[in-house]
Amino acid sequence: MLDPRKFRQNPEGIAAALAVRGFELELDKYRDLEKSRSDLQIEMERLQHERNVASKDIGRAKQAGEDIQPLVESLGDLGTKLDSVRHEFQQVHSELNDFMLHIPNIPDESVPAGETDEDNPVLYKWGEPPEFDFPAEDHVQVAGTALDFEASARLSGSRFSVMWGPLVQLHRSLIQFMLDVHTEEHGYEEVYVPYIVNRETMTATGQLPKFEDDVFFVRGEIDRFLIPTAEVPVTNIVREQILEGAELPLKFVSHTPCFRRESGSHGKDTRGLIRLHQFEKVELVQITHPNKSWQALDEIVANAETILQRLELPYRAVSLCGGDLGFAAAKTIDLEVWLPGFNRYREVSSISNFLDFQARRAQARFRETAESRPELVHTLNGSGLAIGRTLLAILENYQDGKGGVLIPKALLPYTRGRKRLVFEQ
RNA sequence: GGAGAGGUGGCCGAGUGGUUGAAGGCGCUCCCCUGCUAAGGGAGUAUGGGGUGAUUCCCAUCGAGGGUUCGAAUCCCUCCCUCUCCGCCA
């Protein structure tokens with residue numbers, strides 16, 4: 001959520017800034033709601049004050065043994081008036097709140113103009129796409145029977161996977177490898193979190209209320225949702241907390257499955273492991289001091305790149321343009337890995353700075369010193385990396401043309417010496 | 001799943017209708033005292049919001065939401081959570 005005070009001061013300026021991402025702010029609606037809110041709140045608080053003063057008088061009179069009846073009667077219809085103003089206020093307040101919760105974050109000034117992912121400028125490239133003396137296969141062909149979509153379709157439907165044997169082991173090795181690098185070399189603390197969260201948690205990070213169609217709902221006594229990313233539970237660890245300045249930054253890493261409806265992508269990326277309803281991810285989250293978050297963004301980008309470099313996978317970095325930017329992000333850098341089977345780069349990591357946008361929804365704050373007032377922290381996160389897509393990239397980049405896949409050197413400690421996998425066709 | 005007990009400020013903990021946003025203690029901050037250490041004395045110390053140029057002022061918050069009342073931490077209802085015992089169980 002954006003700062004309501006700044007919003008009040010300069011709604012036109014905010015509307016202009018939001019236009020960069022193609023969001024049209026309903027200024028008239030905002031002004032109407034804000035005016036009503038202000039009027040009603042002032043009137044409501046005035047009546048409440050009046051009532052409080054009168055009630056204290058009555059209390060005093062009663063203690064003094066006086067007759068309180070005349071005082072009670074002198075209040076007249078204050079109670080009913082207050083009730084009706086309060087109801088009106090609550091109505092307008094929740095409408096305004098809902099309005100604010102649907103407004104995306106303001107893009108940082110450095111965010112490039114553009115509408116779709118095709119407009120994202122490439123910042124740099126690392127590594128060279130491999131040259132094969134045989135026709136490159138895509139990961140579905142390489143994996144053969146180890147990738148069993150016939151089974152997953154029967155169990156769950158489309159966009160799920162069943163993997164077998166060595167392929168799953170490689171998948172597991174990747175998770176272990178990434179967690180080890182981030183905890184031992186990059187200073188992240190590993191955390192295990194719930195995969196099912198409540199509405200407040202989903203709202204704080206920005207998935208709700210606007211994107212309920214994108215997430216899986218779990219039926220039960222209260223509304224709960226499957227997490228679309230570890231960002232949701234991990235960032236919410238600091239929800240409604242006041243941290244000490246000296247604790248910052250907090251750096252968390254968590255491996256979780258991610259569940260996404262992919263409701264807007266019918267018929268898109270239907271082959272293989274590219275876009276599934278369920279996939280694994282190792283996620284990096286940082287909670288930082290507000291003037292350290294841009295530095296942290298660079299750090300997370302570098303942390304994610306380390307994984308790709310150790311795995312010797314060619315990739316490039318792009319800066320998301322205004323139109324492609326996620327709802328809560330002020331700026332996002334995507335890392336895209338080279339996929340020989342598709343002959344293109346695909347996202348394996350998305351690293352974002354949310355500034356205080358999520359922190360305000362979450363009321364996640366810190367105190368600079370023991371005496372200072374609480375201030376909102378900044379939150380960031382990035383994949384480090386998406387496991388399914390990394391696995392896929394290894395199958396495609398390390399295929400040897402003879403029905404096998406070589407294991408990247410960095411993973412050898414995790415495969416107990418096995419250097420090459422062979423998949424049945 | 002069954003039975004019971006609870007949820008109060010950073011923490012512990014009092015408070016069953018009336019100047020209680022909340023006693024007392026611990027912690028923390030500042031000051032005084034003390035040759036060091038230990039101890040002692042005093043003052044301060046919640047969060048969110050609103051109006052104002054500002055000091056100041058006002059409103060809300062004792063798990064959440066409703067209700068009763070002139071007035072609710074305190075009474076009633078619903079929900080959530082925690083703990084104990086029993087049952088079941090990876």
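Lettering follows sequence order; numbering is per chain, from 1.
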Under 4.0 Å, heavy atoms only, any strand: does [X] hit a base, just the sugar-phosphate, or nothing?
| X | result |
| --- | --- |
| A/I58 | base |
| A/L78 | nothing |
| A/R224 | sugar-phosphate |

Nearest-angstrom distance from the residue atom [atom1] of [X] to [atom2] of [N]:
| X | N | atom1 | atom2 | answer |
| --- | --- | --- | --- | --- |
| A/I242 | B/rU45 | CD1 | P | 16 Å |
| A/D57 | B/rC70 | CG | C1' | 11 Å |
| A/Q241 | B/rG10 | CD | C1' | 11 Å |
| A/E240 | B/rA46 | CD | C1' | 15 Å |
| A/I222 | B/rC79 | CD1 | P | 13 Å |
| A/D3 | B/rG48 | CG | P | 13 Å |
| A/D77 | B/rC70 | CG | P | 13 Å |
| A/R365 | B/rG10 | CZ | C1' | 13 Å |

In whole Å, measure the gap between the [atom1] atoms of [N] and [M] for me.
| N | M | atom1 | answer |
| --- | --- | --- | --- |
| B/rC62 | B/rU20 | C1' | 10 Å |
| B/rG35 | B/rG13 | C1' | 40 Å |
| B/rC28 | B/rC11 | P | 15 Å |
| B/rG41 | B/rG24 | P | 15 Å |
| B/rC12 | B/rG21 | P | 23 Å |
| B/rG1 | B/rG50 | C1' | 49 Å |
| B/rC57 | B/rA22 | P | 14 Å |
| B/rG17 | B/rA72 | C1' | 6 Å |

ask   = Are side-chain N/O atoms of A/D39 and A/S36 paired as donor and acceptor at under 3.5 Å?
value = no

request  = State, without any angle test, whether A/E190 and A/H182 hold a side-chain donor-acceptor pair at a distance under 3.5 Å.
outcome  = no

remark   = The correct set of residues in residues 92-102 of chain A placing a heavy atom under 4.0 Å from RNA chain B is none

Is any side-chain N of the basic residue among [X] and [Y] closer than 4.0 Å to the acidic one's carboxylate O?
| X | Y | result |
| --- | --- | --- |
| A/R46 | A/E43 | yes |
| A/R261 | A/E212 | no |
| A/E50 | A/K81 | no |
| A/D108 | A/K331 | no |
| A/R159 | A/E262 | no |
| A/K29 | A/D32 | no |

task = With RNA chain B as reference, determine whether A/P4 or A/K62 sits nearer its 5' end, using the nearest nucleotide of each.
result = A/K62

query = Considering heavy-atom distances to RNA chain B, does A/L75 or A/G59 have its closest nucleotide positioned more toward the 5' end?
reply = A/G59

query = B/rG48 phosphate, OP1 or OP2: any side-chain N/O from A/R373 under 4.0 angstrom?
reply = yes

ask   = Does a nitrogen or oxygen in the side chain of A/R367 sit under 4.0 Å from OP1 or OP2 of B/rG10?
value = no

request  = Can you tell me which residue pairs pass the salt bridge (Lys or Arg N to Asp or Glu O under 4.0 Å) test with a partner in residues 224-238 of chain A, sequence neighbours excluded?
outcome  = A/E221-A/R224

ask   = Parallel under 30°, tilted from 30 to 60°, perpendicular over 60°: which one fits the rings of A/H277 and A/F160?
value = tilted

key: Where protein sits on nucleotides 51-65 of chain B, one letter per nucleotide: B base, S sugar-phosphate only, - none, heavy atoms under 4.0 Å   = S------BSS-----

request  = Compare the minimum distances between each of B/rG18, B/rG48, B/rC70 and the side chain of A/V72, then state the nucleotide with the smallest one.
outcome  = B/rC70

Side chain to side chain contact (heavy atoms under 4.5 Å, CB included) against A/R418, all qualifying residues, sequence neighbours excluded = A/P166, A/Q169, A/T415, A/L421

task = Mind checking side-chain hydrogen bond (donor to acceptor under 3.5 Å, both in side chains) for A/N10 and listing every partner two or more places apart, or none if nothing turns up?
result = none

task = Only stems of 3 or more consecutive Watson-Crick or G-U pairs count here, both distances under 3.5 Å; name the ones for RNA chain B, or none.
result = B:1-7 with B:80-86, B:10-12 with B:24-26, B:27-32 with B:40-45, B:46-50 with B:57-61, B:63-67 with B:75-79

query = Are any of the side-chain heavy atoms of A/T288 and A/Q295 separated by less than 4.5 Å?
reply = no

